[in-house]
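See below for the structure under consideration.
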Amino acid sequence: MQRREHRYKVLVIGDLGVGKTSIIKRYVHQHFSANYRATIGVDFALKVLNLDQDTIRLQLWDIAGQERFGNMTRVYYRDALGAFVVFDVARSCTFEAVRKWKEDLDDKVSASGGKRVAAVLLANKCDQDRDDTFAKNYGRMEQFCREHGFINWFETSAKENINIDEAVTCLLRHIMASDTELLQTDGMNISPKLDSGRSPPCSACLRP
């Protein structure tokens with residue numbers, strides 16, 4: 001049977017220095033460096049995932065942290081099917097900026113039927129100590145996600161490779177569930193094992 005190919009564009013957004021590039025490099029290349037230069041404008045990386053009879057070409061778009069203040073995000077966001085909004089657990093200002101990034105995303109791109117694109121919140125650099133603001137909000141993160149339209153959240157660390165694969169798996173499941181072509185595939189498992197071989201349960205995913 002001929003393989004089918006699907007292209008999914010996923011945005012990785014958040015303030016400058018929260019670790020967006022590191023997350024992408026860790027997921028795509030299994031590599032971490034503490035010496036990445038700040039992204040200028042936009043960059044992207046490609047990850048190819050092979051399922052039973054389908055090939056997914058996952059494009060991860062790395063949007064520079066300062067771009068929220070410009071007009072180009074509408075161009076960068078176009079045709080995106082999902083997004084990660086990233087903040088640094090050790091810097092309260094990046095957590096406070098999450099609302100603005102999510103509002104910018106919802107304002108400039110939408111899924112089929114005018115729905116909001118699926119978005120997952122990443123509390124990055126969890127190998128470091130949490131700052132007071134995030135620590136105070138830690139117990140109500142699920143409520144925060146519901147209030148602001150995130151399907152789920154994960155504490156992540158690109159340095160220690162914590163929850164990167166799990167976060168991508170969660171987002172992909174939601175994207176695939178809305179892909180009518182995949183849903184019409186006989187026997188298609190919308191909870192595939194990705195390259196890492198891990199496919200953790202997604203029962204905790206939130207429903208805004």
Side-chain angles (χ1 to χ4, degrees), residues 1-14 19-33 36 39 41-63 73-86 105 108-122 124 150-154 156-158 161-207:
M1 183 178 294
Q2 185 177 1
R3 295 187 68 85
R4 292 174 293 270
E5 184 173 296
H6 307 269
R7 291 181 175 86
Y8 295 150
K9 176 179 176 179
V10 170
L11 308 172
V12 185
I13 58 179
K20 299 183 297 295
T21 301
S22 295
I23 287 171
I24 293 172
K25 295 291 186 184
R26 170 60 78 181
Y27 179 68
V28 175
H29 303 294
Q30 290 301 305
H31 173 73
F32 174 81
S33 171
Y36 291 128
T39 302
V42 65
D43 196 4
F44 74 92
L46 177 68
K47 180 82 166 181
V48 179
L49 306 171
N50 292 309
L51 308 182
D52 292 339
Q53 297 172 5
D54 295 81
T55 297
I56 294 178
R57 295 186 178 275
L58 179 63
Q59 292 182 350
L60 294 165
W61 284 60
D62 183 359
I63 311 296
T73 50
R74 192 176 298 276
V75 177
Y76 298 152
Y77 291 178
R78 184 178 299 156
D79 299 325
L81 296 177
F84 293 108
V85 181
V86 188
L105 176 70
K108 294 177 180 175
V109 66
S110 60
S112 60
K115 297 179 181 178
R116 293 184 293 196
V117 298
V120 170
L121 180 62
L122 301 184
N124 197 37
F150 291 98
I151 61 173
N152 208 344
W153 76 284
F154 292 83
T156 58
S157 169
N161 196 19
I162 298 172
N163 285 337
I164 305 295
D165 289 346
E166 288 81 353
V168 175
T169 298
C170 173
L171 184 60
L172 273 179
R173 284 176 174 167
H174 284 267
I175 293 173
M176 292 168 68
S178 64
D179 188 327
T180 55
E181 184 175 353
L182 283 176
L183 286 175
Q184 291 168 359
T185 303
D186 291 338
M188 179 63 189
N189 177 12
I190 66 168
S191 302
K193 290 184 178 180
L194 305 184
D195 288 7
S196 66
R198 289 181 290 173
S199 183
C202 203
S203 59
C205 285
L206 306 171
R207 301 288 182 179

Check: What pair of heavy atoms forms the shortest contact from Leu46 to Arg57, and how long is it?
Finding: CD1-CB, 3.8 Å
Item checked: Student check: side-chain heavy atoms of Val168 and Leu58 closer than 4.5 Å -> yes
Checklist line | Test item: Lys9 side-chain N/O and Trp61 main-chain N/O as donor-acceptor pair under 3.5 Å | finding: no
Next item on the list: State the NE2-OG1 distance between His174 and Thr169, to the nearest 0.5 angstrom.
Entry: 11.5 Å
Notebook entry, point to check: Nearest 0.5 Å, what's the CG-OH distance between Asp43 and Tyr76?
Noted result: 10.5 Å
Item checked: Nearest-0.5 Å distance, CD1 of residue Ile24 to CG of residue Leu60 -> 5.5 Å
Note to self: Just to verify, what does Ser110 make a side-chain hydrogen bond (donor to acceptor under 3.5 Å, both in side chains) with, not counting sequence neighbours?
What the structure shows: none
Next item on the list: Under the side-chain contact (heavy atoms from CB on, under 4.5 Å) rule, collect the residues that match up with Leu81, sequence neighbours excluded.
Entry: Tyr8, Ile175
Item checked: Partner set under side-chain contact (heavy atoms from CB on, under 4.5 Å) for Val85, not counting sequence neighbours -> Ile13, Val98, Trp101, Leu121, Phe150
Next item on the list: Starting at CZ of Phe84, measure out to SG of Cys170 and round the result to the nearest 0.5 Å.
Entry: 8.0 Å
Next item on the list: List the atom of Lys47, the atom of Val28, and the distance in Å for their closest heavy-atom pair.
Entry: NZ-O, 3.7 Å
Next item on the list: Run the numbers on Thr156 and Ile162 for side-chain contact (heavy atoms from CB on, under 4.5 Å), then give the verdict.
Entry: CA-CA 5 Å; Thr156 58; Ile162 298 172; 5.7 Å; no
Next item on the list: With sequence neighbours excluded, tell me which residues meet side-chain hydrogen bond (donor to acceptor under 3.5 Å, both in side chains) with Arg7.
Entry: Glu5
Notebook entry, point to check: Which distance, rounded to the nearest 0.5 Å, do you find between the CD1 of Ile151 and the CG of Leu171?
Noted result: 5.5 Å
Note to self: To check you understand the geometry: which heavy-atom pair defines the closest contact between Val117 and Ala111, and what is its length?
What the structure shows: CG1-N, 3.8 Å
Notebook entry, point to check: So, for Gln30 and Asn161, which heavy atoms are closest and what is the spacing to 0.1 Å?
Noted result: OE1-ND2, 3.6 Å
Margin query: Going by side-chain contact (heavy atoms from CB on, under 4.5 Å), name the residues that satisfy it together with Ala158, two or more places apart in sequence or in a different chain.
Written below: Ser22, Ile23, Arg26, Phe32
Note to self: Ignoring hydrogens, what is the shortest heavy-atom contact between Asp54 and His6? Give both atom names and the distance.
What the structure shows: OD2-NE2, 2.8 Å
Note to self: Restricting to non-hydrogen atoms, name the atom on Val109 and the atom on Ala80 that form the minimum distance, rounded to 0.1 Å.
What the structure shows: CG2-O, 4.0 Å
Check: Out of curiosity, Ile63 CD1 to Leu11 CG, how far, rounded to the nearest 0.5 Å?
Finding: 5.5 Å
